[in-house]
Amino acid sequence: MHTLHSDHSRAPALFPDALATACLQQFHTTPPLVHCLTNEVVQSFTANVLLALGAFPAMVVEPEEAGQFSTMANALLINIGTLHQSRAESMLAAIAAANHATTPWVLDPVAVGGLRYRTDFARHLLTLKPAAIRGNASEIMALSGMATMGRGVDSLDTSLAALPAARQLAQQIQTVVAVTGEVDYITDGQRDFAVEGGDQLMTRVVGTGCALSAVVAAFCALEGDRLHHVATACRIMSHVGGQVSQHVAGPGSFIPAFLDGLYQLKTIGI
């Protein structure tokens, strides 16, 4: 296995499918309960993705309940896609409870950089120490301070261009950062992996990125090397998405085929 340490001049090595398969098998033996405070547009798809993999999703959004439920869950997802004041209160309550219970939580900084309220809120969340962050290139660059503008869920930058920002962010708050795009890059600031695969069709349906963040949260519940677990989450989604895209007619048939592919997944690779 080849990973990067201080030498950032080389491209990151591909994450080995053997490691991803081992992490997937570990996941299947200890399926987590994942508390998802996520984008209202993608709740159903996110839940179905987690269920297809064998995890248990829950969306408890009332501020008075969110904190209580986070202590019961194995992982927490914070996705700020449809952010408003009540949802922000729920997120802060859930994070506080999760941190108190040492439950890992994941930040998906949707559309950070383009809008001030969510950008300020996301940067405040960084001080609360997420276990992992998953975003597109523009979001990660804006969150790190290396760029100031984004375009919502659509990235204006390549994932490779955002890798230095991802490394900086990972080092700054001691977390794992996944910057996703045509190639995904996952880093803890010292070690990096690349994950290839996927298909352009995955950008033609709502919620694949948001669902990936939920899968990242689910895998953060596992014991062991968190960098490997986050990379596995990325590899699962790209592997299945790439496979099923070759056998469907378009976006309408992609979603059920994708869910079936996740459900049937036992090993990763050819």
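What's counted below: heavy atoms across the whole structure, side chains too, no hydrogens, waters or symmetry copies.
Ser70 places no side-chain N or O within 3.5 Å of a backbone atom of Gly67 that could act as its donor or acceptor partner. Between the side chain of Thr175 and the backbone N or O of Pro130 there is at least one donor-acceptor pair closer than 3.5 Å. The main-chain N or O of Glu40 is found under 3.5 Å from a side-chain atom of Thr82 such that the two form a donor-acceptor pair. Distance alone, capped at 3.5 Å, is enough to place a donor-acceptor pair between the Asp184 side chain and the Gly181 backbone. Remark: the backbone N or O of Leu37 is not paired with any side-chain donor or acceptor of Asn79 at under 3.5 angstrom. Thr208 contributes a side-chain N or O that, together with a main-chain N or O of Met202, makes up a donor-acceptor pair within less than 3.5 Å.
Inter-residue side-chain proximity for Leu212 and Thr180 is flagged as met; some heavy-atom pair is nearer than 4.5 Å. Using a 4.5 Å cut-off on side-chain heavy atoms (C-beta onward), Met146 and Gln168 make contact. Two residues are said to be in side-chain contact when any heavy atoms from C-beta on lie closer than 4.5 Å; Leu265 and Ile236 meet this criterion. Contact of the Val195 side chain with the Val183 side chain is not registered, since no non-hydrogen atoms from C-beta on lie closer than 4.5 Å. Taking 4.5 Å as the limit, every side-chain heavy atom of Val177 sits out of range of all side-chain heavy atoms of Ser144. With contacts defined as side-chain heavy-atom distances shorter than 4.5 Å, the pair Val216/Ile133 does not qualify. By the 4.5 Å heavy-atom criterion applied to side chains, Val49 and Val215 are counted as neighbours. Taking the side chain as every heavy atom from C-beta outward, Ser159 and Glu182 never approach each other to under 4.5 Å.
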Checklist entry - Can Leu128 and Asn99 be said to form a side chain to side chain contact (heavy atoms under 4.5 Å, CB included), step by step? => result CA-CA 8 Å; Leu128 304 179; Asn99 283 343; 4.1 Å; yes
Next on the checklist: side chain to side chain contact (heavy atoms under 4.5 Å, CB included), that's the test. Do Val34 and Asn74 meet it? Break it down for me.
Outcome noted: CA-CA 6 Å; Val34 186; Asn74 302 115; over 6 Å; no
Checklist entry - Going through the checks in order, is the ring-ring contact (aromatic ring centres under 6.0 Å, His included) test met by Phe219 and Phe27? => result CA-CA 7 Å; Phe219 273 81; Phe27 180 86; 4.3 Å; yes
Next on the checklist: Go through it in stages, so that I can follow the logic: the residues are Arg226 and Cys220, the test is side chain to side chain contact (heavy atoms under 4.5 Å, CB included), and I'd like the CA-CA distance, side-chain angles, deciding distance and then a yes or no.
Outcome noted: CA-CA 6 Å; Arg226 184 156 288 156; Cys220 280; 3.9 Å; yes
Item to check | side chain to side chain contact (heavy atoms under 4.5 Å, CB included) evaluation trace for Leu160 with Tyr185 | outcome: CA-CA 7 Å; Leu160 184 58; Tyr185 294 100; 3.7 Å; yes
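Salt bridge Asp188/Arg191: present, at least one basic N to carboxylate O contact under 4.0 Å. A salt bridge is absent between Arg235 and Glu196: the closest approach of a Lys/Arg side-chain nitrogen to an acidic carboxylate oxygen does not fall below 4.0 angstrom.
Contact detail for Val112 and Ala142: the closest heavy-atom pair is O-CB, 3.6 Å. Counting all heavy atoms, side chain and backbone alike, Ala162 lies closest to Met141 at CB-CG, 3.6 Å. Minimum heavy-atom separation, Ala20 to Ile268: CB-CD1, 3.6 Å. Residue Thr232 comes nearest to Leu24 through the heavy atom pair CG2-N, 4.3 Å, listed as atom of the first residue, atom of the second, then distance. Contact record, Ala166 with Val179: CB-CG1, 4.2 Å, taken as the closest heavy-atom pair. Among all heavy-atom pairs drawn from Pro109 and Gly135, the shortest one is CD-CA, 4.3 Å.
Counting non-hydrogen atoms of neighbouring residues, nucleotides and ligands closer than 6.0 angstrom, the CD atom of Glu62 exceeds 12 such neighbours.
Among residues two or more places apart in sequence or in another chain, the side chain to side chain contact (heavy atoms under 4.5 Å, CB included) test is passed with Ile255 by Phe45, Val205, Leu259. Under the ring pair (Phe, Tyr, Trp, His ring centres under 6.0 Å) criterion, Phe254 pairs with Phe258, sequence neighbours left out. With sequence neighbours excluded, no residue forms a salt bridge (Lys or Arg N to Asp or Glu O under 4.0 Å) with Arg118. Every residue two or more places apart in sequence or in another chain that forms a side chain to side chain contact (heavy atoms under 4.5 Å, CB included) with Gln26 is listed here: Leu222, Glu223, His229. Annotation: side chain to side chain contact (heavy atoms under 4.5 Å, CB included) contacts of Ser213 (sequence neighbours excluded): Leu77, Asp108, Arg134. Scanning for side-chain hydrogen bond (donor to acceptor under 3.5 Å, both in side chains) contacts around Thr203 gives Gln200, with sequence neighbours left out.
The CG atom of Asp225 lies 8.0 Å from the SG atom of Cys23; values are rounded to the nearest 0.5 Å. Summarising the geometry, atom CG belonging to Leu169 is positioned 11.0 Å from atom CD belonging to Gln174; distances are rounded to the nearest 0.5 Å. Here Asn48 contributes atom CG and Leu53 contributes atom CG; the two are 11.0 Å apart, rounded to the nearest 0.5 Å. From Ile173, atom CD1 reaches atom OG1 of Thr127 across 9.0 Å, with rounding to the nearest 0.5 Å. The line from CZ of Phe15 to OG of Ser238 is 11.0 Å long, rounded to the nearest 0.5 Å. Residue Thr119 holds its OG1 atom at 9.5 Å from CZ of Arg116, rounded to the nearest 0.5 Å.
No continuous path of hydrophobic side-chain contacts links Ile80 to Met59 [ILVMFWY only; heavy atoms under 4.5 Å]. Connection of Val110 to Leu115 is not established within any shared hydrophobic cluster, with ILVMFWY side chains joined at heavy-atom distances below 4.5 Å, either directly or through further cluster members.
The hydrophobic cluster around Met72 extends to Leu33, Phe56, Val60, Phe69, counting ILVMFWY residues whose side-chain heavy atoms fall within less than 4.5 Å of a member. In the hydrophobic clustering, where aliphatic and aromatic side chains (Ile, Leu, Val, Met, Phe, Trp, Tyr) are joined below 4.5 Å either directly or transitively, Leu51 stands alone. Through direct or indirect side-chain contacts shorter than 4.5 Å among Ile, Leu, Val, Met, Phe, Trp and Tyr, Val42 is connected to Val41, Val206.
Residue pairs that meet the ring-ring contact (aromatic ring centres under 6.0 Å, His included) test with at least one member in residues 80-117, sequence neighbours left out, do not exist here. Pairs passing the side chain to side chain donor-acceptor pair (under 3.5 Å) check and including a residue from residues 251-268, sequence neighbours excluded, do not occur.
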Please set out all donor-acceptor pairs under 3.5 angstrom arising from side-chain atoms of residues 88-95, sequence neighbours excluded.
residue: Ser90; atom: OG; partner: Val61; partner atom: O; Å: 2.4
residue: Ser90; atom: OG; partner: Ser86; partner atom: O; Å: 3.3

